[in-house]
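Structure first, then comments.
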Amino acid sequence: MEPLVHINNLSVSYFTYAGEVQSVRGISFNIEKGKTTALVGESGCGKSVTSKSLLGLIEKPGVIKQGSEILYEGKNILEFTEKEWLHFRGKECSMIFQDALVSLNPTMMIGKQIMENLQNHNKDNLPTGEIRRKAKEMLDLVGIPDAEACLNKYPHELSGGMRQRVMIATALITNPKLLIADEPTTALDVTIQAQILELMKELQKKLGMAIIMITHDLGVVADMADEIVVMYAGKIVEKGSNEEIFYNPRHPYTWALMNSVPRLDLDSKQELVTIEGTIPDMIQPPKGCAFCSRCPYAMNICAQHMPQNTDLGDGHQVACWLTDPRADVSHVPFLTGGAVNV
């Protein structure tokens, strides 16, 4: 079955006074219909830049480089006219932004902001009353009590969880085929996070949409994602199904991300695991593996040559020299997923 979105060799750079910042460097992956794909990695790894590319929101000094392709239902959206972009954004593809209080207009009532998205794509010439009714229905669908009263409120009158639900309602009122969720639960407490994630899963089943989940929270990934794409320094270092990534991770960076998550079974006095070092300078990225300087299993070749993608079967791919048959992996904890207690 043809994927909803096929991203092929996407490269995005920002040309600054200091030089070319290579934010995304030749990444390729698919987004399947009705599935959730998670982009995971540290801040600055290229997750949000990738999502902005999908919506045509890369602004100067940013440039999507030649040779990049984003095929949506077989058509390269990077060749869209402005009119085609206006139809695509909000209708075919919607986005839930990270901070609802910043994203919502503080001077406009909630109802007007939700209705505005549907009015922009009102091909059926629905009257204002019908659009308002649909806005109320969407607020009911996302679990907001007394939706009619909420339509007449301003963003500051709602709690963080309610504002996030409003953002979801605004994004989904046009029934998009693709939803981009950029860290949608970051500013919420754990209980509200769980409610929002459960709501998104329910709406995905009802509407049959695909979701791109951008996050650094592996708890969110475990609960939501069907496919996981692990990014580091603008490149994909590992990708595969939820089960493969969590139970058979093969890249040291994936291990490091998982080991850095606090665990309930650790001794209270035991230090939390951190990823030592910092991400490389993306104006002059290393010619070899970008994670080399922080990797405890790095070899000489890692600093000299970029590893190629190795297909491990069932869609599981990893870019690491440790998978080369010539590598000495006698000291590498493959079988334990890089657990620190081996």
Mark yes or no for whether Q113, through its side chain, and T170, through its backbone, hold a donor-acceptor pair below 3.5 Å. no
Please confirm whether the backbone N or O of G277 pairs with a side-chain atom of R294, one donor and one acceptor, at under 3.5 Å? yes
Residues that E243 engages under salt bridge (Lys or Arg N to Asp or Glu O under 4.0 Å), provided they are two or more places apart: none
Out of curiosity, does L57 fall in the hydrophobic cluster containing M213 (side-chain heavy atoms, cut-off under 4.5 Å, transitive links)? yes
CG-CZ distance between L10 and F29, expressed to the nearest 0.5 angstrom: 8.0 Å
CD-CD distance between Q195 and Q164, expressed to the nearest 0.5 angstrom: 12.5 Å
Once you measure the plane-to-plane angle for F88 and W85, does it fall in the parallel (<30°), tilted (30-60°) or perpendicular (>60°) bin? perpendicular
Do the side chain of R25 and the main chain of G234 share a donor and acceptor less than 3.5 angstrom apart? no
Decide yes or no for Y247 and S241: does some side-chain heavy atom of the first lie under 4.5 Å from some side-chain heavy atom of the second? no
Can any side-chain N or O of K239 pair as donor or acceptor with the backbone N or O of S28 at less than 3.5 Å? yes
Looking only at non-hydrogen atoms, find the nearest pair between Y253 and M231 and report the distance. CE2-O, 3.4 Å
Treating N242 as the side-chain partner and D226 as the backbone partner, does any N or O pair qualify as donor plus acceptor under 3.5 Å? no
Could you tell me whether R132 and E148 have a side-chain N and a carboxylate O separated by less than 4.0 Å? yes
Classify the angle between the aromatic ring planes of H251 and F291 as parallel (below 30°), tilted (30 to 60°) or perpendicular (above 60°). tilted
If we ignore hydrogens and angles and just use 3.5 Å, is the side chain of S94 paired with the main-chain N or O of L172 as donor and acceptor? no
For the pair R89 (side chain) and L55 (backbone), establish whether a donor and an acceptor sit closer than 3.5 Å, ignoring hydrogens and angles. yes
Any chance you could measure C150, atom SG, to L158, atom CG, to the nearest 0.5 Å? 4.5 Å
Is it the case that the side chain of N248 and the backbone of E244 share a donor-acceptor pair, with hydrogens and angles ignored and the cut-off at 3.5 Å? no
Gap between atom CD of E79 and atom CD1 of I70 - 0.5 Å precision: 11.5 Å
